[in-house]
Amino acid sequence: MDKDSKLFGFVIGCIIPVLAYIAIDQIFEMLSTVGIMANVSGEGISRRLRTVGLLAICTNLLAFNWAKNNRYDATMQGIVFPTIIYVVAWIYTYYNVLF
């Protein structure tokens, strides 16, 4: 697969946040188990999910910056589409809490 293509950017933009969500969630669980972070319950669970989701979406900025530094313009365009989809889904999910 060509590194400077919209398809490659779309695939990267879809996969990176999912992997980041899993990794960040595991880190939060590990910190809770060790005792560095408090265990969450009730309303705190939705706040944690909201935060982890937003951090996972933001990891696309790392891929976007990598593409920008390597001058992969088509890849950058491909990364933007799934990022927008994830952001719209995040806002839709937490609309009542945010606004």
Side-chain angles (χ1 to χ4, degrees):
M1 185 180 289
D2 185 24
K3 286 187 180 178
D4 190 22
S5 69
K6 288 182 184 178
L7 178 62
F8 181 70
F10 188 81
V11 169
I12 292 297
C14 288
I15 292 174
I16 296 250
V18 173
L19 296 177
Y21 183 88
I22 294 167
I24 294 168
D25 191 45
Q26 290 299 315
I27 290 170
F28 277 16
E29 288 298 322
M30 183 179 61
L31 291 175
S32 294
T33 304
V34 173
I36 296 174
M37 284 179 57
N39 287 334
V40 293
S41 61
E43 181 64 30
I45 292 174
S46 72
R47 291 179 73 194
R48 178 177 282 186
L49 290 174
R50 191 173 66 224
T51 302
V52 172
L54 187 60
L55 289 173
I57 293 168
C58 289
T59 57
N60 264 352
L61 293 172
L62 299 172
F64 192 82
N65 192 33
W66 168 80
K68 181 179 147 256
N69 287 339
N70 290 312
R71 301 180 199 267
Y72 295 151
D73 296 330
T75 303
M76 289 189 321
Q77 292 173 358
I79 292 171
V80 169
F81 296 124
T83 304
I84 290 172
I85 293 168
Y86 282 133
V87 168
V88 168
W90 186 85
I91 290 173
Y92 179 77
T93 303
Y94 299 109
Y95 183 79
N96 291 334
V97 178
L98 298 173
F99 300 105

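All of these numbers come straight from a predicted model, not from anything done at the bench. All values below come from the heavy atoms of this structure, side chains included, with hydrogens, waters and symmetry mates left out.
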- Query: Do you know which two heavy atoms are closest between K3 and F8, and how far apart they sit?
  - Reply: O-CD2, 3.3 Å

- Roughly how far, to the nearest 0.5 Å, is CG of L98 from OG1 of T93? 10.0 Å

- Say whether I85 and L19 are linked into one hydrophobic cluster, either directly or through other cluster members, by side-chain heavy-atom distances under 4.5 angstrom. no

- Task: Drop me the distance from I12's CD1 to M76's CE, to the nearest 0.5 angstrom.
- Result: 14.5 Å

- List for me each residue that meets side-chain hydrogen bond (donor to acceptor under 3.5 Å, both in side chains) alongside T59, sequence neighbours excluded, and say none if there are none. none

- Message: For I79 versus A67, what's the shortest heavy-atom pair and its separation?
- Response: CD1-CB, 4.4 Å

- Query: Are I15 and F10 in one and the same hydrophobic cluster, where Ile, Leu, Val, Met, Phe, Trp and Tyr link if side-chain heavy atoms are under 4.5 Å apart?
  - Reply: no

- Rounded to the nearest 0.5 Å, how far apart are CD1 of I57 and CD1 of I84? 12.0 Å

- If you group Ile, Leu, Val, Met, Phe, Trp and Tyr whenever their side-chain heavy atoms sit less than 4.5 Å apart, what else falls in with L62? none

- Point-to-point distance, once rounded to the nearest 0.5 Å, from CD1 of I91 to CZ of F99: 6.0 Å

- Nearest 0.5 Å please: distance from the CZ atom of F28 over to the OG1 atom of T33. 13.0 Å

- Locate the shortest heavy-atom distance separating N60 from P17; write the atom from each residue and the value. OD1-CD, 3.4 Å

- Following the transitive rule for hydrophobic clusters with a side-chain heavy-atom cut-off under 4.5 Å over Ile, Leu, Val, Met, Phe, Trp and Tyr, establish whether V87 and I24 coincide in one cluster. yes

- Message: Walk me through whether W90 and Y86 qualify under ring pair (Phe, Tyr, Trp, His ring centres under 6.0 Å).
- Response: CA-CA 6 Å; W90 186 85; Y86 282 133; over 10 Å; no

- All heavy atoms of A74 vs all of D4, minimum pair found to be N-OD1, 3.1 Å

- Message: If hydrophobic clusters are built by linking Ile, Leu, Val, Met, Phe, Trp and Tyr wherever their side-chain heavy atoms come under 4.5 Å apart, do V52 and Y95 end up in the same one?
- Response: yes

- When clusters are formed by joining ILVMFWY residues with side-chain heavy atoms under 4.5 Å apart, either directly or through shared neighbours, do V11 and L61 land in the same one? no

- Message: Give me the atom names and distance for the closest heavy-atom approach of A63 to I16.
- Response: CB-CD1, 4.5 Å

- List the atom of W66, the atom of T75, and the distance in Å for their closest heavy-atom pair. CZ3-CG2, 4.5 Å

- Could you list who else is in Y92's hydrophobic cluster, with ILVMFWY side chains joined at under 4.5 Å, directly or through other members? none

